[in-house]
Amino acid sequence: MSKALFIVDIASCTGCGTCSIACKDRAGLPDELDFLRVEANEGGVYPNPELYYRVVHCFHCDQPPCAEACPVEAISKEE
């Protein structure tokens, strides 16, 4: 098994969830199971709130559908 590196550009992620849907569709997962999740995180201090996203991966696909589906190319995989 080859080792690979998943890269997520959190600054580009918009939290749309397209990667999660593509992963679930390819793996044929039931609604209650996710291999990939997008978590919204809130921070900052009034009057400067912040919202950012964290993509939590399974890291097992050779050709990850989440990377192909991401509309802003925030996910990539390298050997």
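Computed from a predicted model, the values in this text were never measured in an experiment.
- Residues Ile75 and Pro64 form no side-chain contact, since every pair of their non-hydrogen atoms from C-beta on lies 4.5 Å or further apart.
- Within 6.0 Å of atom CD in Glu42, 12 or fewer heavy atoms from other residues, nucleotides or ligands are found, so the atom counts as exposed in its surroundings.
- Lys77 places no side-chain N or O within 3.5 Å of a backbone atom of Ile7 that could act as its donor or acceptor partner.
- Applying the under-4.5 Å side-chain rule to Ile, Leu, Val, Met, Phe, Trp and Tyr, the cluster around Leu29 extends to Leu33, Phe35.
- For Cys66 against His57, the heavy-atom pair with the smallest separation is SG-CE1, 3.5 Å.
- Between Ala40 and Leu51 the shortest heavy-atom distance is CB-CD1, 4.2 Å.
- Between Ile10 atom CD1 and Tyr53 atom OH the span is 12.5 Å, to the nearest 0.5 Å.
- Between Pro71 and Thr18, the closest side-chain pair of non-hydrogen atoms falls below 4.5 Å.
- Between Lys24 and Asp34 the shortest heavy-atom distance is NZ-OD1, 2.9 Å.
- Closest of all the heavy-atom pairs between Cys70 and Ala74 is SG-N, 3.2 Å.
- For the pair Val38 and Gly17, the tightest heavy-atom approach, listed with the atom from each and the gap, is CG2-CA, 4.3 Å.
- Taking OG of Ser20 as the reference point, atom CD of Glu39 lies at 11.0 Å (rounded to 0.5 Å).
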